[in-house]
Amino acid sequence: MTLRLFNTLTGQIEALVPADGGALRMYACGPTVYDYGHIGNFRTFLQIDVLRRFLHLTGVPVRHVMNITDVDDKIIRNAAQAAVPIGQYTAQYEQAFFEDFEALRIERPEVLPHATDHIPRMVELVEKLAAAGAAYRTEDGSWYFRLSAFPEYGKLSKKDLSGIADGARVDLDEYEKDSARDFALWKAVKEGETSWDTAIGRGRPGWHLECSAMSMECLGDSFDLHAGGEDLMFPHHENEIAQSETATHKPFVRHWMHVRFLLVDGKKMSKSEGNFFTIRDLLLKGYKASAIRLALISVPYRHQLNFTFQGLTEATSAIDRLRTFRGRLVETVFPPGETAPMQEAAHHARAAYMAALANDLNTAEARAPIFDLVRAANTAIDQGQFSAADSDAILAVLQDFDAIFDVLEDRDDGPTQRALVWAEQVGRLDDVAPELLTRHSLTDEAVETLVAERTQAKLQRDFARADQIRNQLAQQGVVIEDSKDGVRWKRK
RNA sequence: GGCGCGGUACCCAAGUGGUAAGGGAGAGGUCUGCAAAACCUUUAUGCGCCGGUUCGAUCCCGGCCCGCGCCUCCA
């Protein structure tokens with residue numbers, strides 16, 4: 001099954017296949033590690049994770065490169081304020097970023113280049129552009145890209161910049177950019193700033209240059225897919241195309257994927273609006289990592305996602321339903337054999353699920369057949385028309401579902417515990433939801449003991465005692481479920 | 001102003017030229033000592049408004065209203 005994915009460059013939904021028949025070579029613009037990542041950042045990374053997981057599920061090997069921008073204006077400014085070297089400053093946020101990555105179960109890209117490790121490649125690229133007459137140096141020692149050298153500029157974002165590109169030239173005496181739209185390739189050193197001494201002078205790379213240099217170094221002059229948030233389309237990706245294609249005279253990227261923004265309560269997230277959330281903020285409020293993951297991927301990547309706390313709560317309930325169902329299949333002993341309706345239902349669910357994903361990664365549509373299957377199977381089980389092979393077939397479908405969504409296994413405790421430890425370290429315990437602190441006051445063994453005592457009480461028809469224990473456990477976040485096959489409990 | 005996206009039930013959210021997936025929430029019921037879980041039933045003659053094309057439009061075309069994003073650092 002071939003993935004059909006919208007291509008920003010052509011405006012069409014097109015098959016995404018490796019050009020050379022080997023691994024699909026993809027590049028995603030990664031984080032600038034100057035602060036904690038927010039849910040908007042992670043929506044983009046999660047959607048890219050859905051893409052790579054689907055490629056894997058369909059047997060397409062992937063070589064995925066994501067850069068770490070570890071030098072830029074904000075980093076230099078913040079590191080100076082903290083009076084530490086930028087490498088020390090960025091290390092803590094890079095570590096935090098990957099902790100959040102792991103909490104959300106985002107798969108690690110194959111290659112994670114750091115900008116500061118690839119300065120020579122960037123310098124080479126500037127030299128190459130300068131030789132071609134497409135880059136020039138200003139009096140202060142900065143280098144700019146000459147937009148007029150690349151007539152196709154604007155082809156990705158569909159902007160017509162012809163009127164601006166030919167705008168008024170300024171006198172050479174003013175030592176300014178030749179054209180207002182020309183963008184910086186290399187920024188000359190300023191007093192006290194981190195810089196590199198190179199053949200093109202002392203300074204540091206511009207952001208756009210970093211991505212061109214590292215992507216081509218890791219993936220070749222032309223590669224299959226480049227992904228990022230919609231805001232990067234212009235000017236960042238447009239500039240990457242201009243630099244790269246001017247330098248190589250080859251098509252830079254065949255397929256461009258842009259993830260639309262996440263809104264919070266209908267508005268773009270920003271610190272000034274007060275609707276700005278990091279993953280850690282949500283974990284401390286008591287939301288589960290799996291719920292965050294599901295909420296952020298359930299709306300297809302080409303649609304705006306309006307993030308709300310209610311949405312997180314709904315995702316939590318949806319996950320509970322799936323986990324409960326799977327638990328039922330795993331724990332129940334069904335009679336041997338298979339039933340035609342259930343085999344058919346399983347087959348149909350998988351086909352519908354895969355087709356929805358193959359169609360431009362429609363995650364919302366992909367969920368539906370899975371929930372249909374849950375209902376059909378639960379009904380069949382209740383009616384005693386369900387066999388062991390049906391269970392196996394459905395578990396296999398769930399496994400494929402989880403190969404993308406990855407929420408069925410309850411691994412939520414780890415991220416929450418780590419967030420609590422972090423909150424203590426950085427002095428944010430005041431932001432922790434109270435129930436989170438009491439939730440884990442009971443060990444599994446203690447719960448088992450109480451559950452056993454309650455079962456005993458029930459056998460003796462001492463329902464008052466049994467209910468008392470159940471209430472006590474509920475207050476500590478443990479839910480009890482009685483069934484024919486025994487007592488189940490889970491942490492809420 | 002330029003470019004682009006969206007407006008579907010109480011909420012979230014797919015989708016199709018032939019009469020509306022799924023999730024959540026609510027209500028009633030089955031089961032249960034009672035709950036929980038699970039299942040069943042139920043909640044849009046309707047898909048922003050007005051025209052047009054069509055045998056037929058929520059889905060195509062035009063206009064209007066409303067919301068949002070990008071155009072500057074930004075996922």
Side-chain angles (χ1 to χ4, degrees), chain A residues 8 11 28-32 34-35 37-48 72-74 154 157-161 163-164 181 183 207 227-236 238 258-263 266-271 294-296 298-308 310-325 327-328 352-353 356 359 362-383 457-458 461-464 466-467 470-471 473-474 478-484 487-490 492:
Chain A
T8 309
C29 291
T32 301
Y34 69 96
D35 203 346
H38 56 68
I39 54 176
N41 296 24
F42 285 104
R43 195 247 243 267
T44 298
F45 295 124
L46 277 164
Q47 294 288 358
I48 293 169
D72 90 321
D73 292 341
K74 287 191 193 107
S157 55
K158 318 286 185 264
K159 286 182 191 304
D160 180 7
L161 298 164
I164 300 164
R181 286 272 178 175
F183 59 86
W207 177 41
E230 64 169 325
D231 57 313
L232 300 189
M233 193 165 80
F234 184 90
H236 182 55
E238 206 74 73
H258 289 100
V259 180
R260 291 213 66 187
F261 263 138
L262 167 155
L263 309 177
K267 295 279 185 203
K268 183 170 166 176
M269 189 169 57
S270 72
K271 286 181 176 166
L294 186 66
L296 294 185
S298 286
V299 173
Y301 80 96
R302 275 215 294 148
H303 290 252
Q304 281 177 340
L305 161 67
N306 188 19
F307 175 89
T308 60
Q310 190 188 335
L312 281 184
T313 303
E314 289 173 7
T316 306
S317 299
I319 290 171
D320 272 349
R321 180 167 165 81
L322 294 172
R323 287 181 180 170
T324 301
F325 172 69
R328 187 178 194 190
Y353 167 73
N359 179 23
N362 193 333
T363 45
E365 193 176 358
R367 282 174 44 152
I370 301 302
F371 284 95
D372 283 337
L373 183 63
V374 170
R375 188 187 316 103
N378 269 324
T379 303
I381 295 170
D382 285 353
Q383 294 172 346
K458 275 180 63 182
R461 302 195 68 78
D462 181 358
F463 296 121
D467 290 352
R470 187 169 65 199
N471 289 338
L473 287 170
V478 176
V479 181
I480 288 197
E481 293 170 14
D482 293 332
S483 77
K484 291 195 289 281
V487 184
R488 268 198 304 265
W489 63 270
K490 64 183 179 188
K492 207 177 165 196

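Heavy-atom basis, side chains included; hydrogens, waters and symmetry copies ignored. Every chain is numbered from 1 and lettered A, B, ... according to where its sequence line falls, protein lines coming before strand lines.
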Problem - Watson-Crick or G-U counterpart of rU53(B), or none if no pair lies under 3.5 Å - result: none

Fill in the blank from the handout: Among rC70(B), rG33(B), rC5(B), the one nearest any side-chain atom of Arg260(A) is rC5(B)

Practice task
Figure out the CD1/C1' separation between Ile480(A) and rU32(B), and round it to whole Å.
Solution key: 15 Å

Exercise for the section: Could you check which of rU72(B), rA75(B), rA36(B) has an atom nearest any side-chain atom of Glu481(A)? Expected result: rA36(B)

Exercise for the section: Among rG2(B), rC39(B), rG23(B), find the nucleotide with the atom closest to the side chain of Lys159(A). Expected result: rG2(B)

Problem - Residue Lys458(A), side-chain heavy atoms: nucleotide from rG33(B), rA21(B), rG23(B) that is nearest - result: rG33(B)

Handout entry: Whichever of Phe463(A) and Thr324(A) has its nearest RNA chain B nucleotide further upstream toward 5'
Key = Phe463(A)

Problem - Euclidean distance, atom CG of residue Leu262(A) to atom C1' of rC74(B) [Å, nearest integer] - result: 14 Å

Completion exercise
The answer to which of Pro300(A) and Met269(A) contacts RNA chain B further toward the 5' end, by nearest nucleotide, is Pro300(A)

Practice task
Calculate the interatomic distance between Phe371(A) atom CZ and rA38(B) atom C1'; express it in whole Å.
Solution key: 15 Å

Problem - Integer-rounded Å distance: rG22(B) P and Glu314(A) CD - result: 16 Å

Exercise for the section: Report the base-pairing partner of rC74(B) (Watson-Crick or G-U wobble, both distances below 3.5 angstrom), or none. Expected result: none

Fill in the blank from the handout: Taken to the nearest whole Å, CD/Glu238(A) to P/rC73(B) is 14 Å

Handout entry: Under 3.5 Å on both distances, the Watson-Crick or G-U partner of rG26(B)
Key = rU42(B)

Exercise for the section: Name the nucleic acid region contacted by His38(A), choosing base, sugar-phosphate or nothing; use a 4.0 angstrom heavy-atom cut-off, strictly under. Expected result: base

Problem - Euclidean distance for C1', rU8(B) against rU19(B) (whole angstrom) - result: 15 Å

Handout entry: Separation of rG6(B) C1' from Leu263(A) CG (nearest whole Å)
Key = 10 Å

Practice task
Take atom CZ of Arg43(A) and atom P of rC74(B), then tell me their distance rounded to the nearest Å.
Solution key: 19 Å

Problem - Nucleotide nearest Asp372(A) when distance is taken to its side chain, options rG22(B), rU72(B), rA75(B) - result: rG22(B)

